[in-house]
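Each remark here refers to the structure printed beneath this line.
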Amino acid sequence: MPTTSLSIATFNVNGIRAAFRRGMDAWLAKHSPDVLLLQEVRATDEIVEGYLGEGWHLAHEEASDKGRAGVAIASRLPLDGVRFGVGDPAARADGEVGRWVEADVQEGGRPVTVISTYIHSGTVGTPSMDEKYAFLDKVTARMGELAEQGRAAVVAGDVNIGHTERDIKNWKGNRKNAGFLPEERAYLDRWTAELGWVDLGRRFAGDVDGPYTWWSWRGKAFDNDSGWRIDYQFASPALAPFAAEAVVDRAPAYDQRISDHAPLRVRYELEGAA
């Protein structure tokens with residue numbers, strides 16, 4: 001049976017207009033992913049389509065607040081069954097910050113569900129943390145459904161949580177801060193240990209610090225590689241065995257950064273994945 005390759009990239013662009021001003025067009029031309037999962041798009045459908053150009057199918061959920069955390073799927077392959085929001089749309093909270101869009105693609109006759117999500121950072125001791133946990137509850141339920149259905153699926157994006165001490169340079173100083181709280185990290189424990197999803201960035205990097213995907217624009221964080229690994233591709237139990245490579249595209253220098261995040265690219269070899 002022939003093997004079909006599918007490349008999926010997730011990228012928090014921190015504003016698509018700014019990202020293209022900083023060279024995202026060259027990155028796209030070089031790597032040419034089949035599916036591009038975007039977060040913090042901060043633009044309308046028309047603006048996104050204008051920057052990407054022809055040949056892309058787009059599913060975009062704009063943020064409830066202008067200029068905030070919109071997410072999108074841009075695919076060279078047709079998108080089927082596009083779904084906006086996680087869980088029951090009727091139960092969605094007004095002004096919900098977390099974002100989720102999912103769709104199905106077919107490569108070589110094999111269906112894969114692709115999901116772009118943004119989970120906000122939250123602030124300890126404020127309602128934003130309660131909102132974050134509520135959104136994480138819904139994400140966990142949906143990931144459980146997809147796993148139980150035996151779907152080949154990938155949940156990707158900026159989840160604003162470092163899973164382990166390997167995922168944050170200054171983990172000791174962040175133990176009581178949002179993004180590294182035990183309660184947040186427990187969700188990722190459940191996704192991987194209980195539901196069987198695989199963190200592909202960690203699988204391919206091994207037991208090392210990082211590779212980080214976010215660095216503050218301020219100070220020497222990027223130069224000192226003082227970052228956080230908060231951008232992920234989680235593959236379902238049905239898809240994970242077909243992941244062949246995962247790469248973080250860290251910019252070679254501070255002044256060549258496209259965003260404060262780096263993209264994460266994964267190549268899947270889909271023989272027998274249906």
Side-chain angles (χ1 to χ4, degrees), residues 10 12 39-40 68-69 71 86-87 91-93 95-100 115-148 153-216 218-219 221 224-237 240 246 248 260-262 264:
T10 183
N12 180 325
Q39 301 88 45
E40 292 203 81
R68 295 297 299 276
V71 297
V86 61
R92 186 167 185 169
E96 184 175 75
V97 178
R99 282 291 175 266
W100 177 283
I115 295 151
S116 179
T117 188
Y118 175 83
I119 300 173
H120 63 287
S121 56
T123 303
V124 174
T126 73
S128 68
M129 285 306 300
D130 296 330
E131 294 167 3
K132 184 174 187 177
Y133 292 134
F135 191 74
L136 283 163
D137 286 338
K138 294 200 291 186
V139 167
T140 302
R142 180 57 179 153
M143 290 174 74
E145 292 172 353
L146 290 166
E148 286 180 8
V154 57
V155 173
D158 176 4
V159 305
N160 271 304
I161 301 170
H163 190 188
T164 74
E165 295 170 6
R166 291 292 203 187
D167 298 317
I168 301 180
K169 181 68 171 287
N170 181 23
W171 64 268
K172 290 182 180 178
N174 282 285
R175 285 176 289 188
K176 296 182 179 181
N177 293 333
F180 200 60
L181 299 173
E183 297 86 352
E184 295 173 290
R185 297 161 62 195
Y187 283 96
L188 276 63
D189 288 339
R190 184 176 179 193
W191 298 352
T192 54
E194 295 183 27
L195 302 182
W197 291 71
V198 177
D199 172 0
L200 296 175
R202 176 56 62 213
R203 168 189 272 185
F204 285 95
D207 188 22
V208 300
D209 292 340
Y212 306 124
T213 63
W214 177 84
W215 306 261
S216 173
R218 296 173 295 183
N224 295 332
D225 199 26
S226 183
W228 294 52
R229 193 177 73 93
I230 53 177
D231 302 87
Y232 298 87
Q233 289 200 37
F234 291 99
S236 69
V248 174
D260 53 352
H261 293 254
L264 169 63

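Side chains are part of it too, since the values below use all heavy atoms of this structure and drop only hydrogens, waters and symmetry mates. Just so it is clear, the structure is predicted and the values come from calculations on it, not from any experiment.
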Compare every heavy atom of [Y] with every heavy atom of [X], then report the nearest pair and how far apart it is.
{"X": "Thr126", "Y": "Thr123", "answer": "OG1-O, 2.7 Å"}
{"X": "Gly162", "Y": "Tyr232", "answer": "CA-OH, 3.7 Å"}
{"X": "Leu200", "Y": "Ala246", "answer": "O-CB, 3.8 Å"}
{"X": "Gly196", "Y": "Pro237", "answer": "O-CG, 3.4 Å"}
{"X": "Ala205", "Y": "Pro211", "answer": "CB-CD, 3.4 Å"}

So do [Y] and [X] actually touch side chain to side chain, heavy atoms under 4.5 Å?
{"X": "Lys132", "Y": "His120", "answer": "yes"}
{"X": "Met143", "Y": "Thr140", "answer": "no"}
{"X": "Val155", "Y": "Arg142", "answer": "no"}
{"X": "Ile168", "Y": "Tyr212", "answer": "no"}
{"X": "Trp197", "Y": "Leu146", "answer": "yes"}
{"X": "Leu136", "Y": "Trp191", "answer": "yes"}

Does [Y] offer a backbone N or O that forms a donor-acceptor pair with the side chain of [X] under 3.5 Å?
{"X": "Ser116", "Y": "Val71", "answer": "no"}
{"X": "Trp214", "Y": "Ile230", "answer": "no"}
{"X": "Thr213", "Y": "Asp231", "answer": "yes"}
{"X": "Thr117", "Y": "Arg99", "answer": "yes"}
{"X": "Glu40", "Y": "Asn12", "answer": "no"}

Query - Residue pair Trp215 / Asp225, side-chain donor-acceptor N/O under 3.5 Å - result: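 There is such a pair between these side chains.
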**Report entry** Pairs where residues 156-180 contributes a residue and the test salt bridge (charged side-chain N to carboxylate O under 4.0 Å, His left out) is met, not counting sequence neighbours
**Finding:**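 Salt bridge (charged side-chain N to carboxylate O under 4.0 Å, His left out) check on residues 156-180 returns Arg166-Asp207, Arg166-Asp209, Asp167-Arg202, Asp167-Arg229.
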What is the distance from atom [atom1] of [X] to atom [atom2] of [Y], rounded to the nearest 0.5 Å?
{"X": "Thr164", "Y": "Trp171", "atom1": "OG1", "atom2": "CH2", "value": "10.0 Å"}
{"X": "Phe180", "Y": "Asn160", "atom1": "CZ", "atom2": "CG", "value": "14.0 Å"}
{"X": "Leu264", "Y": "Thr10", "atom1": "CG", "atom2": "OG1", "value": "7.0 Å"}
{"X": "Glu184", "Y": "His163", "atom1": "CD", "atom2": "NE2", "value": "11.5 Å"}

Query raised in the report: With Asp189, which residues qualify under salt bridge (Lys or Arg N to Asp or Glu O under 4.0 Å), at least two apart?
Result: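 By the salt bridge (Lys or Arg N to Asp or Glu O under 4.0 Å) rule, Asp189 matches no residue at all.
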Query raised in the report: Taking the inter-plane angle between the rings of Tyr187 and Tyr133 on a 0 to 90° scale, is it parallel (under 30°), tilted (30 to 60°) or perpendicular (over 60°)?
Result: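 If you compare the ring of Tyr187 with that of Tyr133, the planes turn out parallel.
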